[in-house]
Every structure is written in structure tokens, then in C-alpha cells.
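Along the sequence shown, the residues carry numbers beginning at 1.
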Amino acid sequence: MTESPKSASSPVLFTADIESSGQPVRGAWQWCVGSGHASLALRRDWQEQLAQARTAVGFRHVRFHGILDDSLGTLVGQNDQSLYSFFNIDRIFDFLLSIGMKPVVELSFMPRTLSSGDGIVFRYRSNVTPPRDCHPWGTLIQRLVAHLVSRRR
């Protein structure tokens with residue numbers, strides 16, 4: 001299966017060989033700690049505790065959900081326009097890198113402006129419905145990936 005989002009910028013190609021036998025992933029989670037919602041990573045107390053866990057236990061990665069959730073303001077619909085902001089994601093990822101950790105990126109929860117319904121979960125009321133239209137969803141993912149790749153340079 002191959003999908004390439006259509007965009008004026010250079011496309012990002014995603015490929016999965018569903019016929020291959022695959023390879024075992026050994027120890028992928030050995031040095032990973034799970035967290036809650038991504039917006040927690042903006043809190044100073046969370047950052048202090050994660051830095052302490054990094055030092056004391058040696059965690060190298062952290063996994064949390066909700067980087068596309070409305071609470072981070074990654075995508076906002078205003079006057080029929082899509083406004084993208086990776087500011088809060090950058091703040092979180094920069095902090096992680098500053099303490100020698102890396103994020104395990106989870107593309108969970110749907111920005112309300114792209115959602116196909118009102119299905120929500122948890123106290124922070126995250127939307128769990130699929131996208132209403134896959135093209136804007138693909139554009140969001142393409143922009144996020146392009147942004148993150150450009151920051152690595």
C-alpha cells in the first residue's frame with residue numbers, strides 16, 4: 001500500500017509492505033515511559049518529574065497521546081480557513097531533546113475542525129471520530145511531518 005498526499009510542496013511517501021513477514025522489534029519499549037495527554041508535557045512539574053525519571057531510571061523515550069488534539073491548538077478552523085500551529089509541539093519536543101529524550105509520536109485524536117462526529121473520550125474530551133474528509137487530514141499529517149523533518153536540519 002502506498003499513499004502520497006497531494007500538495008503544492010514536495011510530497012512525503014508512506015509505504016507499507018503488508019505481504020512481508022516483518023521483523024521482530026526487540027526491546028523497543030525497554031527504555032520508554034508512557035505519559036498521559038500531550039498538553040501535560042507543557043507543565044513545569046511534569047517536565048521536572050520526567051527529567052528526574054530520565055536521570056534515575058535512564059528512560060530514553062516518552063509516549064503520550066493528543067499532539068493533534070484541540071488542547072495544543074495544532075489545527076484550528078476559522079472562517080473556513082485551516083490555521084496550523086506547531087508551536088506547542090515544538091515546545092514539547094525541544095524540552096524532550098534538551099534532557100536527552102525522544103518522543104514516540106502517536107497521531108491520536110482528531111482536531112474538531114476535521115472530525116466526522118462528536119465522539120469524545122476522557123476528561124479532556126478528545127475527539128475519537130475519523131476525519132470527515134481524508135484530504136485535509138492528509139494535509140495536516142504532511143505538514144506536521146514536513147515541519148518536524150525541517151527542524152532536524
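Under the 4.5 Å side-chain criterion, counting only non-hydrogen atoms from C-beta, R143 is in contact with F86. Counting only heavy atoms from C-beta outward, the side chains of V57 and V33 never approach each other to under 4.5 Å. Looking at heavy atoms from C-beta onward, S71 lies in side-chain contact with H37 at the 4.5 angstrom threshold. Within the 4.5 Å cutoff, the side chain of P111 has heavy atoms near those of the W137 side chain. Using a 4.5 Å heavy-atom cutoff, the side chains of S82 and T113 are not in contact.
Atom CG of L50 sits about 5.5 Å away from atom CZ of F95, to the nearest 0.5 Å. The distance from the CD1 atom of I92 to the OG atom of S35 is 9.5 Å, given to the nearest 0.5 Å. With values rounded to the nearest 0.5 angstrom, R91 atom CZ is found 12.5 Å from L96 atom CG. Expressed to the nearest 0.5 Å, how far OH of Y84 lies from NE2 of H147 amounts to 14.0 Å. With rounding to the nearest 0.5 Å, the separation of CG in L140 from SG in C134 is 12.0 Å.
For W31 against G58, the heavy-atom pair with the smallest separation is CE3-O, 3.5 Å. Residue V104 comes nearest to C32 through the heavy atom pair CG2-SG, 3.9 Å, listed as atom of the first residue, atom of the second, then distance. In terms of heavy atoms, F64 sits closest to A38 at CD1-CB, 3.5 Å.
The existence of a salt bridge linking R112 and D118 is excluded, since no basic side-chain nitrogen approaches an acidic carboxylate oxygen closer than 4.0 Å.
Considering only residues two or more places apart in sequence or on other chains, S108 meets the side chain to side chain contact (heavy atoms under 4.5 Å, CB included) condition with H65, E106. Listed by chain and residue number, L40, D45, W46 satisfy the side chain to side chain contact (heavy atoms under 4.5 Å, CB included) test with R43 (two or more places apart in sequence, or in another chain). For Q52, there are no side chain to side chain contact (heavy atoms under 4.5 Å, CB included) partners two or more places apart in sequence or in a different chain. For P136, the side chain to side chain contact (heavy atoms under 4.5 Å, CB included) partners at least two apart in sequence or on another chain are L114, D133.
In the hydrophobic cluster analysis, where Ile, Leu, Val, Met, Phe, Trp and Tyr join through side-chain heavy atoms closer than 4.5 angstrom, L97 is grouped apart from V149. Clustering ILVMFWY residues whenever any of their side-chain heavy atoms sit less than 4.5 angstrom apart, transitively, puts F87 in a cluster other than the one holding L83.
Listed for the Q47 side chain is a donor-acceptor partner under 3.5 Å among the backbone atoms of A41. Proximity of a side-chain donor or acceptor of N88 to a complementary backbone N or O of L72 within less than 3.5 Å is detected.
Residue pairs meeting the salt bridge (charged side-chain N to carboxylate O under 4.0 Å, His left out) criterion with at least one member in residues 48-62, sequence neighbours excluded: R44-E48.
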task: For R151 and D90, run side-chain contact (heavy atoms from CB on, under 4.5 Å): C-alpha distance rounded to whole Å, both residues' side-chain angles, the deciding distance at 0.1 Å, then the answer.
output: CA-CA 9 Å; R151 292 191 87 224; D90 290 348; 3.3 Å; yes
- request: Start with the C-alpha distance between L107 and L144, add both sets of side-chain angles, then the distance that settles side-chain contact (heavy atoms from CB on, under 4.5 Å), and finish with yes or no.
  value: CA-CA 10 Å; L107 301 176; L144 173 63; 3.9 Å; yes
Could you tabulate the donor-acceptor pairs under 3.5 Å formed by side-chain atoms of residues 73-80, not counting sequence neighbours?
from: T74; atom 1: OG1; to: I67; atom 2: O; distance (Å): 2.7

